[in-house]
Colleague: 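Let me give you the structure first, and then I'll get to my questions.
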Amino acid sequence: MAAPAVTGSLALMVERYRQLHSGVNPKAAVLKALACNTAEDLGNAGPDYTFGFGMLNVRRAVEAIDSSRYFIDSIANGENHLHTIVLPQAAQQIKILLYWPDREAPLNALNALVNDLDLTVTDASSVLHHPLILDPSPVNVNAVAVEGIDHLNNIEQIVIDNPAAGNYSININGFSL
């Protein structure tokens, strides 16, 4: 029953987006990013091989749509785009996710990722954060995700627990396009 539940949930997200954007349909990438970033974390902290980003939380996703807590942008090779957000007092967690639909790699490519973007966040205390990455080796599939540079995936998420209030700088780099 997961497929019909997710399909119906995404249909509600599309409906709300269309209500707020004069009938324009959201791009699939926006829906995927919102669904992943607003999911209720299950299993190990952060993404994991068992639960992915967690359980779909449509209420949170629609709240993100209602408050426009997302950016849609394009970037060229070697460019950096900087976005700043202000985090209020008493936030328990901040999740920042970057997703881009990537085309398929050639059959014999060494890496399945064709276009590589990099996400970093500098917090209110000037600490630099990298996305959570998983160790893909078979013996470590149950390991907890750790911060690191990701050159394997077209979805990157930074999670900061108990963040301080203040300005957060989100940097997106067109590493290899």
Side-chain angles (χ1 to χ4, degrees), residues 13 17 20-21 26-41 44-49 51-54 57 60-105 109-136 143-177:
M13 290 168 58
Y17 186 95
L20 296 173
H21 295 91
K27 293 186 177 288
V30 171
L31 292 176
K32 181 172 182 172
L34 287 167
C36 290
N37 205 45
T38 58
E40 193 73 39
D41 194 19
N44 290 343
D48 59 55
Y49 289 116
F51 296 99
F53 288 94
N57 186 325
R60 275 195 211 158
V62 169
E63 287 172 354
I65 292 169
D66 284 347
S67 58
S68 298
R69 290 190 314 243
Y70 57 91
F71 301 100
I72 301 172
D73 205 352
S74 61
I75 194 167
N77 193 51
E79 280 187 346
N80 281 302
H81 286 197
L82 189 65
H83 300 276
T84 301
I85 60 173
V86 179
L87 192 66
Q89 291 283 354
Q92 294 178 356
Q93 186 180 68
I94 183 172
K95 292 181 178 181
I96 299 168
L97 183 133
L98 172 65
Y99 171 73
W100 64 100
D102 204 20
R103 68 178 199 268
E104 60 191 49
L110 294 175
N111 190 349
L113 190 62
V114 174
N115 295 293
D116 189 1
L117 302 176
D118 287 331
L119 172 68
T120 58
V121 173
T122 304
D123 69 19
S125 302
S126 299
V127 175
L128 182 67
H129 296 272
H130 291 281
L132 293 171
I133 57 174
L134 295 167
D135 185 342
V144 174
V146 296
E147 283 193 25
I149 298 170
D150 187 347
H151 293 298
L152 294 176
N153 302 293
N154 65 328
I155 188 166
E156 299 183 1
Q157 184 183 49
I158 293 174
V159 178
I160 304 169
D161 290 320
N162 302 310
N167 292 336
Y168 283 68
S169 298
I170 303 165
N171 186 56
I172 300 164
N173 175 262
F175 180 75
S176 177
L177 305 177

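Keep in mind it's a predicted model, so treat the numbers as computed, not measured.
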Colleague: Side chain to side chain donor-acceptor pair (under 3.5 Å) with Asp41: which residues, sequence neighbours excluded?
Modeller: none
Colleague: Any salt bridge (charged side-chain N to carboxylate O under 4.0 Å, His left out) pairs touching residues 66-94, not counting sequence neighbours?
Modeller: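 For residues 66-94, and leaving out neighbouring residues, the salt bridge (charged side-chain N to carboxylate O under 4.0 Å, His left out) pairs sorted by first residue read Arg16-Asp66.
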Colleague: Testing the basics here: between Asn44 and Ala143, what is the closest heavy-atom pair and its distance to 0.1 Å?
Modeller: ND2-O, 3.5 Å
Colleague: Looking only at heavy atoms, what is the nearest atom pair of Glu147 and Ile133, with distance?
Modeller: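 Glu147 and Ile133 have their closest heavy atoms at C-CG1, 4.5 Å.
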Colleague: Grab the two heavy atoms, one from Leu134 and one from Pro47, that are nearest each other, plus how far apart they are.
Modeller: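 The answer is CD2-O, 3.3 Å.
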Colleague: So how far is it from Thr120 OG1 to Leu128 CG, rounded to the nearest 0.5 Å?
Modeller: 5.0 Å
Colleague: Where is the tightest heavy-atom contact between Leu177 and Ala76, given as atom of each residue plus distance?
Modeller: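 Shortest heavy-atom separation between Leu177 and Ala76 comes out as CD1-C, 3.3 Å.
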Colleague: State which residues pass side-chain contact (heavy atoms from CB on, under 4.5 Å) with Leu110; sequence neighbours excluded, sorted by chain then number.
Modeller: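 Testing Leu110 for side-chain contact (heavy atoms from CB on, under 4.5 Å), a comparison that skips the adjacent residues, returns none.
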Colleague: One pair to check against side-chain contact (heavy atoms from CB on, under 4.5 Å): Asp118 and His130. What are the steps and the verdict?
Modeller: CA-CA 9 Å; Asp118 287 331; His130 291 281; over 6 Å; no
Colleague: Which heavy atom in Gly78 sits nearest to a heavy atom in Asn173, and how many Å separate them?
Modeller: O-ND2, 4.3 Å
Colleague: Out of Val121, Thr84, Leu82, which residue meets the side chain to side chain contact (heavy atoms under 4.5 Å, CB included) rule with Ile170?
Modeller: Val121
Colleague: Search all heavy atoms of Ile155 against all heavy atoms of Cys36 and return the closest pair with its distance.
Modeller: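 Nearest pair, atom of Ile155 first, then Cys36: CD1-SG, 3.8 Å.
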Colleague: Measure the CG-CG distance between Leu97 and Leu34 for me, rounded to the nearest 0.5 Å.
Modeller: 9.0 Å
Colleague: Listing request: all ring pair (Phe, Tyr, Trp, His ring centres under 6.0 Å) pairs with a residue in residues 148-177, at least two apart in sequence or in separate chains.
Modeller: His151-Phe175
Colleague: When rounded to the nearest 0.5 angstrom, what is the spacing between CG in Asn171 and CD1 in Ile96?
Modeller: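 Output value for this atom pair is 11.5 Å.
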Colleague: Heavy atoms, side chains only, cut-off 4.5 Å: are Ile94 and Ile85 in contact?
Modeller: yes
Colleague: Does Val114 offer a backbone N or O that forms a donor-acceptor pair with the side chain of Asp102 under 3.5 Å?
Modeller: yes
Colleague: Between CG of Leu113 and OG of Ser176, what distance do you get to the nearest 0.5 Å?
Modeller: 8.5 Å
Colleague: Say whether, by atom type as modelled, one donor and one acceptor occur between the side chain of Glu156 and the main chain of Leu119 under 3.5 angstrom.
Modeller: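 Yes, because the side chain of Glu156 sits within donor-acceptor range (under 3.5 Å) of the backbone of Leu119.
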Colleague: Measure the spacing between CG of Asn80 and CD1 of Ile75 and express it to the nearest 0.5 Å.
Modeller: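 Here the rounded value is 6.5 Å.
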Colleague: If a pair satisfies ring pair (Phe, Tyr, Trp, His ring centres under 6.0 Å) and one of its residues is in residues 81-101, list it, with sequence neighbours excluded.
Modeller: Phe71-His83
Colleague: Below 3.5 Å, can you tabulate the donor-acceptor pairs from side chains in residues 157-166 to any protein atom, sequence neighbours excluded?
Modeller:
unit_1, atom_1, unit_2, atom_2, d
Gln157, NE2, Asn37, OD1, 2.8
Asp161, OD1, Gln93, NE2, 2.6

Colleague: Out of curiosity, Glu40 CD to Asn57 CG, how far, rounded to the nearest 0.5 Å?
Modeller: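 Answer for the CD-CG pair, Glu40 versus Asn57, is 5.5 Å.
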Colleague: Looking at side-chain heavy atoms only, is the closest gap between His129 and Thr122 below 4.5 Å?
Modeller: no
